[in-house]
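The structure appears below as structure tokens.
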Amino acid sequence: MSAFRQAFSATTPRFFKVIVEESSSIKLKIPPKFVMKYGDYLSKSVRLKLPSGCQWQVEVTKSDSEVWFDKGWPEFFKFYTLNYGHFVIFTYHGNSMFEVCIFDRTATEIEYPIIMDKCYVESEPSIKKLEDFIPCPKIRDNSPSPSARLPRRRRTDSPTTEANIKGKEDDFSRKNDGGDPDTALQRAKAFKSENAFIMIFMQPSYIHRYSVSIPFRFVMNFAKFRQQVVKLLVGDRSWPALLNVSGLYGKAKISSGWHEFVKENHLRLGDVCIFELMEVNDLVLKVHIFRG
């Protein structure tokens with residue numbers, strides 16, 4: 001007696017690519033079977049949306065039965081530091097929109113960098129390039145800053161800044177899994193300043209761990225040491241933290257002091273923080289918090 005094996009077809013089409021060829025940095029071929037089933041729905045230009053909310057415009061090139069991500073893909077590839085062995089999942093949501101998730105060679109999803117002049121491709125960038133503001137000193141990898149020890153801070157029982165008070169109020173209205181990232185991103189997108197700044201979307205690792213990744217191309221313009229104290233300013237209060245920079249690996253993060261900053265400012269998933277460079281010599285970053 002034979003049994004019938006039923007098949008289930010996912011309602012949301014997706015495909016994956018493993019980065020194994022050098023040519024993948026120039027253009028990326030879409031799998032032929034995916035093209036055969038859904039190619040007619042793809043326009044000449046598609047949007048690649050990341051979990052951070054950033055969207056990239058990429059042109060689609062068709063030649064005979066082959067389809068490629070072409071113009072705009074090299075910039076995407078470089079920005080997210082794709083490399084040999086990286087695993088990328090593309091989920092198609094219609095209207096030429098792909099949701100993209102990136103996994104590195106450890107099979108772990110990456111932390112997605114955000115810089116507004118690169119992420120938001122649908123409107124005019126609201127910041128100038130970093131080199132328009134400040135020179136680019138070389139990072140000295142051989143020694144930390146002489147003052148790269150965090151000063152001891154007195155704890156206060158009642159935060160006085162508007163941001164902290166608002167944070168407590170927001171705790172009652174948030175969902176358990178965090179706020180609405182789209183709402184926060186839209187409000188953060190409207191931020192403008194003459195100073196250099198970056199936007200960071202609060203991911204689980206930034207909330208629950210003790211560090212936050214900072215795009216290297218941002219800090220390379222002002223970082224002078226492998227380690228140096230940075231002052232995080234919210235309202236009339238400040239929090240000292242430690243900025244760690246690796247010129248060799250092209251990475252930077254704020255570590256010691258970050259967990260305390262997250263806790264005392266009631267940061268949650270879905271929040272968006274803008275780090276605005278206020279002072280270079282004493283290294284002050286003003287943090288604007290947009291609640292999700």
Side-chain angles (χ1 to χ4, degrees), residues 13-39 41-93 96-123 125 127 129-131 136 139 141 198-201 203 205 213-221 245-253:
R14 58 177 60 89
F15 69 88
F16 71 85
K17 295 289 291 186
V18 181
I19 307 300
V20 293
E21 300 176 352
E22 291 185 7
S23 60
S24 297
S25 64
I26 306 300
K27 58 182 181 179
L28 189 73
K29 184 179 179 181
I30 301 177
K33 188 173 181 179
F34 185 91
V35 173
M36 182 176 63
K37 296 179 67 174
Y38 307 105
Y41 299 99
L42 299 179
S43 64
K44 294 181 180 180
S45 178
V46 298
R47 287 177 295 163
L48 306 182
K49 183 176 181 179
L50 283 300
S52 61
C54 290
Q55 296 183 23
W56 293 70
Q57 202 83 19
V58 175
E59 292 187 4
V60 174
T61 299
K62 299 180 180 181
S63 177
D64 296 329
S65 60
E66 295 186 340
V67 180
W68 309 77
F69 289 144
D70 201 345
K71 186 177 180 181
W73 174 256
E75 291 78 12
F76 179 92
F77 188 98
K78 183 177 180 180
F79 185 78
Y80 291 102
T81 324
L82 296 181
N83 211 329
Y84 182 87
H86 280 199
F87 187 93
V88 188
I89 299 176
F90 298 84
T91 303
Y92 186 60
H93 290 285
S96 295
M97 165 75 80
F98 284 93
E99 183 179 336
V100 182
C101 294
I102 304 171
F103 298 80
D104 62 21
R105 282 176 287 185
T106 67
T108 304
E109 191 168 9
I110 69 168
E111 295 180 340
Y112 300 93
I114 299 178
I115 297 184
M116 291 184 70
D117 65 337
K118 279 293 184 184
C119 287
Y120 291 102
V121 298
E122 295 182 306
S123 62
I127 66 172
K129 294 182 179 179
L130 296 174
E131 54 264 29
C136 303
I139 299 172
D141 277 332
I198 56 169
M199 183 172 64
I200 302 292
F201 175 77
Q203 304 177 34
S205 60
S213 296
I214 303 295
F216 181 73
R217 53 175 287 201
F218 177 69
V219 302
M220 67 181 291
N221 288 270
V245 182
S246 173
L248 178 62
Y249 295 101
K251 295 182 178 181
K253 65 179 180 179

Would you give the length of the straight line joining atom CZ of Arg47 to atom CD of Glu99, rounded to the nearest 0.5 angstrom?
12.5 Å
For Ser24, check side chain to side chain contact (heavy atoms under 4.5 Å, CB included) against everything at least two apart and list the hits.
Ile19, Glu21, Leu28, Phe77
What distance separates Phe98 CZ from Lys49 NZ, expressed to the nearest 0.5 Å?
14.5 Å
Residues in side-chain hydrogen bond (donor to acceptor under 3.5 Å, both in side chains) with Glu111, at least two apart?
Ser205, Ser213
Hey, can you pull the donor-acceptor pairs under 3.5 Å for the side chains in residues 102-110, sequence neighbours left out?
{"unit_1": "Asp104", "atom_1": "OD1", "unit_2": "Thr106", "atom_2": "N", "d": "2.9"}
{"unit_1": "Asp104", "atom_1": "OD1", "unit_2": "Thr106", "atom_2": "OG1", "d": "2.5"}
{"unit_1": "Asp104", "atom_1": "OD1", "unit_2": "Thr108", "atom_2": "N", "d": "3.4"}
{"unit_1": "Arg105", "atom_1": "NE", "unit_2": "Tyr84", "atom_2": "O", "d": "3.4"}
{"unit_1": "Thr106", "atom_1": "OG1", "unit_2": "Thr108", "atom_2": "OG1", "d": "3.2"}
{"unit_1": "Thr108", "atom_1": "OG1", "unit_2": "Thr106", "atom_2": "O", "d": "3.4"}
{"unit_1": "Glu109", "atom_1": "OE2", "unit_2": "Tyr112", "atom_2": "OH", "d": "2.6"}

Nearest heavy-atom approach of Pro215 to Ile198 is CD-CD1, 3.7 Å
According to side-chain hydrogen bond (donor to acceptor under 3.5 Å, both in side chains), who are the partners of Thr81, at least two apart in sequence or on a separate chain?
none
Indicate yes or no: at least one non-hydrogen side-chain atom of Val35 is less than 4.5 angstrom from one of Phe15.
no
Partner residues of Val58 under the side chain to side chain contact (heavy atoms under 4.5 Å, CB included) criterion, sequence neighbours left out:
Val46, Leu48, Phe69, Trp73
Residue pair Tyr80 / Val100, side-chain heavy-atom distance below 4.5 Å:
no
Interatomic spacing from CE in Met199 to CZ in Phe218 - rounded to 0.5 Å:
13.0 Å
Working to the nearest 0.5 angstrom, can you tell me the gap between Ile89 CD1 and Lys17 NZ?
13.5 Å
Tell me, please, which residues at least two apart from Lys78 pass side chain to side chain contact (heavy atoms under 4.5 Å, CB included).
none
List in chain and number order the residues that pass side-chain hydrogen bond (donor to acceptor under 3.5 Å, both in side chains) with Ser96, two or more places apart in sequence or in another chain; answer none if no residue qualifies.
Ser43
Quick check on Lys71: does its NZ atom have over 12 non-hydrogen neighbours (other residues, nucleotides or ligands) under 6.0 Å away?
no
Would you call the rings of Phe34 and Tyr92 parallel, tilted or perpendicular, taking 30° and 60° as the class edges?
perpendicular
By side chain to side chain contact (heavy atoms under 4.5 Å, CB included), which residues pair with Pro32, not counting sequence neighbours?
Lys29
To the closest 0.5 Å, what do you measure between CG (Asp70) and OG (Ser45)?
11.5 Å
